[in-house]
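Below, chain A is the first sequence line, B the second, and so on; all start at residue 1.
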Number of protein chains: 2
Amino acid sequence: MESEIVIRALGALAQEHRLALFRLLVQAGPEGLAAGAIAEALGVPASSLSFHLAQLTNAGLIAQRRDGRSLIYSADYGAMTALVGFLMENCCGGAACAPAAGCATESNIERKSA
Amino acid sequence: MESEIVIRALGALAQEHRLALFRLLVQAGPEGLAAGAIAEALGVPASSLSFHLAQLTNAGLIAQRRDGRSLIYSADYGAMTALVGFLMENCCGGAACAPAAGCATESNIERKSA
DNA sequence: TCCATATTTCCACGATTATCGAATCATTGA
DNA sequence: TCAATGATTCGATAATCGTGGAAATATGGA
């Protein structure tokens with residue numbers, strides 16, 4: 001992962017609505033959510049949401065597919081994995097900076113960051 | 001780590017000069033680098049650099065200390081660890097999204113992201 | 001074909017960001 | 001105390017971002 005795309009990904013997530021949106025899609029899983037459902041969940045006007053969806057799409061963090069009249073958006077886990085990988089490799093001193101404990105599990109991350 | 005500080009940290013890193021700057025400080029280690037040395041390394045005017053240093057400081061990603069006339073900046077590894085932890089916990093579906101292999105080591109991350 | 005629904009695109013606006021020279025502040029040494 | 005050095009703050013400017021209503025674009029069903 002090169003730094004230009006990393007910068008776009010970081011910038012895409014560095015916004016209240018978009019971070020909430022991405023987290024929502026991660027929770028939603030591979031099936032994703034329709035734009036309308038997202039707009040309602042976040043309480044954001046359709047045109048604003050569309051702008052944010054475009055930012056995330058442009059950063060490669062989410063994917064779009066059509067189902068009838070609806071456009072379904074879903075998180076791209078691979079892109080997120082690559083982003084976290086880049087941060088760990090380039091911004092954490094080379095060694096794993098994640099919780100020292102063995103591989104990150106929800107529980108030990110939570111314990112550490114709480 | 002709450003989302004407001006996460007957003008500030010992501011925003012701080014989502015800029016060419018600042019990402020390069022942070023990586024430089026990570027490489028430099030705990031001893032850090034003087035502002036002047038950073039400006040020279042990055043080829044950025046002093047006043048511009050000062051602006052970026054302030055952004056990173058405000059996001060809690062770097063620390064400042066004085067040594068004579070120089071101000072020394074160093075990466076805050078803990079903040080970065082917390083940021084990566086947040087991303088893994090909240091944006092990767094709860095489970096560890098980092099390279100499936102056992103805990104991230106430089107080598108296996110490199111292999112995956114290359 | 002025509003209408004309703006789901007979403008995006010267009011547009012205008014205010015707010016924030018990045019840039020960098022000049023002026024200022026802090027610290028050291030003579 | 002004064003000059004020199006290292007760095008920040010100020011101020012102006014251009015560029016980008018976030019917002020949301022209105023208009024345009026797809027799709028599906030009657």
Within this structure, what is the [atom1]-to-[atom2] distance between [X] and [N], rounded to whole angstrom?
X	N	atom1	atom2	answer
Leu53(A)	dG18(D)	CG	C1'	14 Å
Asp67(B)	dT28(C)	CG	C1'	12 Å
Phe51(A)	dA12(C)	CZ	P	17 Å
Ile7(B)	dC17(D)	CD1	P	16 Å
Leu19(B)	dT17(C)	CG	C1'	17 Å
Glu16(A)	dA15(C)	CD	C1'	15 Å
Leu49(A)	dT7(C)	CG	P	9 Å
His17(A)	dA15(C)	NE2	C1'	14 Å

It should be established whether [X] places a side-chain nitrogen or oxygen under 4.0 Å from OP1 or OP2 of nucleotide [N].
X	N	answer
Arg18(A)	dG18(D)	yes
Tyr73(A)	dA6(C)	no
Gln15(B)	dT19(C)	yes
Arg69(A)	dA4(C)	no
Gln55(B)	dA18(C)	yes
His52(B)	dT17(C)	no

Is there a donor-acceptor pair closer than 3.5 Å between any side-chain N or O of [X] and the backbone N or O of [Y]?
X	Y	answer
Tyr77(B)	Val26(B)	yes
Arg8(B)	Asn58(B)	yes
Arg66(B)	Gly68(B)	yes

Quiz prompt | 5' precedence on DNA chain D between Arg66(B) and Pro45(A) (nearest-nucleotide basis) | solution =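 Nearer the 5' end of the strand: Arg66(B).
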Quiz item: Closest nucleotide of DNA chain D for Ala14(A) versus for Gly36(B): which of these residues is on the 5' side?
Solution: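 Upstream on the strand: Gly36(B).
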When we call it a touch if two heavy atoms are under 4.0 Å apart, what does [X] touch: a base, just sugar-phosphate, or nothing?
X	value
Ala46(A)	base
Ser47(B)	base
Ala34(A)	sugar-phosphate
Ser48(B)	base

Quiz item: Take atom CD in Gln64(A); do more than 12 heavy atoms of anything else shown fall under 6.0 Å from it?
Solution: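 Counting other residues, nucleotides and ligands, CD of Gln64(A) exceeds 12 neighbours.
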Quiz item: Picking from Leu56(A), Leu25(A), Asp76(A), Leu21(A), what satisfies side chain to side chain contact (heavy atoms under 4.5 Å, CB included) with Leu61(A)?
Solution: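 Exactly one candidate clears the test, Leu56(A).
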